[in-house]
2 protein chains.
Amino acid sequence: MATQPRQSQRRRQVLSRERIVEAAIELLDTAGEGALTVRTLTERLSTGSGAIYHHVGTMNELLEAAIDSVIADALAALSTEPAAPVRGLGAAGTPEDEIRAVALGLFDAVTEHPWLAAQVAVQITRNPWGSVTRRVFESIGRPMRALGVPQRDWFATTSTLVHYFLGAIAQNAHTPHGTSDGRTPEGEAERAEFLDTAAGAWQDLDPDDYPFIRAIADQVREHDDREQFLTGINLVLRGIIASYPTRHEIAR
Amino acid sequence: MATQPRQSQRRRQVLSRERIVEAAIELLDTAGEGALTVRTLTERLSTGSGAIYHHVGTMNELLEAAIDSVIADALAALSTEPAAPVRGLGAAGTPEDEIRAVALGLFDAVTEHPWLAAQVAVQITRNPWGSVTRRVFESIGRPMRALGVPQRDWFATTSTLVHYFLGAIAQNAHTPHGTSDGRTPEGEAERAEFLDTAAGAWQDLDPDDYPFIRAIADQVREHDDREQFLTGINLVLRGIIASYPTRHEIAR
DNA sequence: TCCATGTTGGAGCGACGCACCAATGTCCTG
DNA sequence: CAGGACATTGGTGCGTCGCTCCAACATGGA
């Protein structure tokens, strides 16, 4: 009991910060955001808590690293693919298309990793100018310069776009956690039911207190998140372009 | 030890859900978001955990109630005051002014309660169509109808505005927690220093990896959050108005 | 060969949310 | 006015969490 040979063979695979982050992301994806604990991580990697804390400083740093890894991958995948013909819109030629592509890339990343929404939101408030902001700003800023915005307003216009992204993405974290894998099959039906319940609740509100809510309850029920996300981007883009009369008109 | 008379006089003041929520808000304001625990609440109200759980279901529900209370108060205070001449802009006559007033009301509420930003963000992702969304939508929707937006697009335009609010507010949760009370005196200097550090870090990034970030680092250092928030709102409003050619032109 | 240095696993600490319950207050009924 | 039904209270304890600390191991250079 006291003189065990510890372990016959150590380390079936070397432990590293990358491996830990990778395992953390996988855990979050498969078991939900509540499942990322030091203890489950030690079981998954068949190690102890000391080893983990040796590689990543604290639990929060691990979360930061996981977020940064997913965001970086999503944005890198975008700049890799030459054009985006299948991504929901035409070829990515105009700056507007590039901006839309980045936004949809983030949107889809959140769809694949539902825990991202809440974690990004928290991270943004805790560290407003951290790596997430930096990466997204850079990805949006590139095409922003081609929009005809004068340099002194680059920060203002980019901020506006990014803030819209973050807010919209935060609200649209689907898949109530648990089953994950949530793609189009029954995830879509589950989501429709969820929206229907919410819309119904809004429908039943007191018309005196919430006249506007009642008027749009139907639209809540029938709207598509991704499409609405795009509509919002187009609205903001239109506002930006309308402010600098060099170019004009956005599709639709 | 076992036969103590319990307590001579019970309840110096009746415990109620309102009193608990009130104490929770005060705790969050004075001691930061990490300070709201059942144990600190019991000490503050000189009671036990059982009494608290009897009135509010779970810790999460208490947080929801606290958020809802603060948001409701902020929005109610807006509709009470007849006009808003001192609030940073002219009299609140046009629908645009009303929308700006609501947005700034939320912005200022977050400034007064720094914990609001993170909590609202989490709440939005966990319960996308909860009371926060409902209240903000209703407050924005009222003037939205006067903007010339056709009814079938009310939901889309309001969503866009609200999402921008949430994203911008999430990133601008000032006061690094702790001292609170943070008003203009040294809170402003502390914030300036914080921004200067962030901008400096952006300035030192690799120009090959982050050319855009480097180009706007100075604007990050010198910008004013509230002003930038307003600029963003105006951009979105311009985009909305430009989409429905009934009215036009926003100030500045 | 042998020790310096970098890694590993796990026991243990303090703090958390929450379930549970005996003791007490409150108020209605006879 | 007695007494019991019921709401409310205070507190103890359970399970779990993040994290610290340290002995046991691995590994490479002298």
Side-chain angles (χ1 to χ4, degrees), chain A residues 1-24 27-28 31-67 115 118-119 122-123 126 177, chain B residues 1-24 27-28 31-67 115 118-119 122-123 126 177:
Chain A
M1 183 188 280
T3 30
Q4 274 197 2
R6 273 281 175 175
Q7 210 90 4
S8 48
Q9 114 226 13
R10 279 286 192 91
R11 171 181 10 172
R12 71 191 71 208
Q13 194 172 0
V14 268
L15 201 57
S16 68
R17 186 184 164 92
E18 286 75 28
R19 252 176 59 79
I20 296 178
V21 170
E22 193 181 337
L27 249 176
L28 288 167
E33 47 189 326
L36 180 59
T37 72
V38 185
R39 281 167 174 79
T40 53
L41 255 186
T42 59
E43 292 173 14
R44 194 65 122 72
L45 296 169
S46 60
T47 175
S49 53
I52 290 183
Y53 280 102
H54 177 77
H55 289 279
V56 311
T58 165
M59 195 65 206
N60 230 317
E61 291 182 36
L62 176 57
L63 247 179
E64 281 183 47
I67 295 171
W115 50 273
Q119 294 308 326
V122 169
Q123 206 59 44
R126 195 179 323 237
H177 71 80
Chain B
M1 186 187 279
T3 31
Q4 273 197 1
R6 274 281 175 177
Q7 211 88 5
S8 48
Q9 114 227 14
R10 280 287 191 89
R11 174 182 6 177
R12 69 191 74 204
Q13 194 172 357
V14 268
L15 202 57
S16 68
R17 187 183 162 92
E18 286 77 28
R19 252 175 59 78
I20 296 178
V21 170
E22 191 181 338
L27 250 176
L28 289 167
E33 47 190 326
L36 181 60
T37 72
V38 185
R39 283 167 173 79
T40 54
L41 255 187
T42 59
E43 294 174 13
R44 195 64 122 74
L45 295 169
S46 60
T47 176
S49 55
I52 290 183
Y53 281 102
H54 176 78
H55 289 280
V56 309
T58 165
M59 196 65 207
N60 231 316
E61 291 181 36
L62 176 55
L63 248 179
E64 281 183 46
I67 295 170
W115 50 273
Q119 295 307 325
V122 169
Q123 206 58 44
R126 195 179 323 237
H177 71 80

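Chain identifiers are assigned alphabetically (A, B, ...) following the order of the sequence lines, protein sequences preceding nucleic acid strands; residue numbering begins at 1 within each chain. All values below come from the heavy atoms of this structure, side chains included, with hydrogens, waters and symmetry mates left out.
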- Could you state the atom-to-atom distance from CZ of B:R17 to C1' of D:dT8 in whole Å? 16 Å

- Message: Taking side chain to side chain contact (heavy atoms under 4.5 Å, CB included) as the definition, give me every residue that meets it alongside B:L63, ordered by chain and number, with sequence neighbours left out.
- Response: B:L28, B:L36, B:Q119

- Query: Starting at NE2 of A:H55 and ending at C1' of C:dT8, how long is that distance when rounded to a whole Å?
  - Reply: 8 Å

- Message: Just the rounded figure in Å: distance from P of D:dG18 to CD1 of A:I20.
- Response: 14 Å

- Distance in angstrom units between A:L45 CG and C:dG10 P, rounded: 13 Å

- Query: Under the 3.5 angstrom rule, does the side chain of A:T40 hit a backbone N or O of A:A35 as a donor-acceptor pair?
  - Reply: yes

- In short, salt bridge (Lys or Arg N to Asp or Glu O under 4.0 Å) pairs touching residues 48-62 of chain A with sequence neighbours left out are none

- Task: Output the distance between atom CD (B:E22) and atom CG (B:L45), rounded to the nearest 0.5 Å.
- Result: 9.5 Å

- Query: With sequence neighbours left out, what residues match B:T58 under side chain to side chain donor-acceptor pair (under 3.5 Å)?
  - Reply: none

- Message: Could you work out, with side chain to side chain contact (heavy atoms under 4.5 Å, CB included) as the rule, every residue matching A:V122, not counting sequence neighbours?
- Response: A:R126, B:V122

- Message: How would you summarise protein contacts on nucleotides 14-19 of chain C per nucleotide, using B for base, S for sugar-phosphate only and - for none, with heavy-atom distances below 4.0 Å?
- Response: --BBBB

- Residues forming a side chain to side chain contact (heavy atoms under 4.5 Å, CB included) with B:H54, sequence neighbours excluded: none

- Sorted by chain and number, sequence neighbours left out, side chain to side chain donor-acceptor pair (under 3.5 Å) with A:R44 holds for A:E26

Pairs under 3.5 Å (N/O, protein and nucleotides 4-7 of chain D):
none

- Query: Atom CG of A:L15 and atom P of D:dA26: how far apart are they, to the nearest Å?
  - Reply: 16 Å

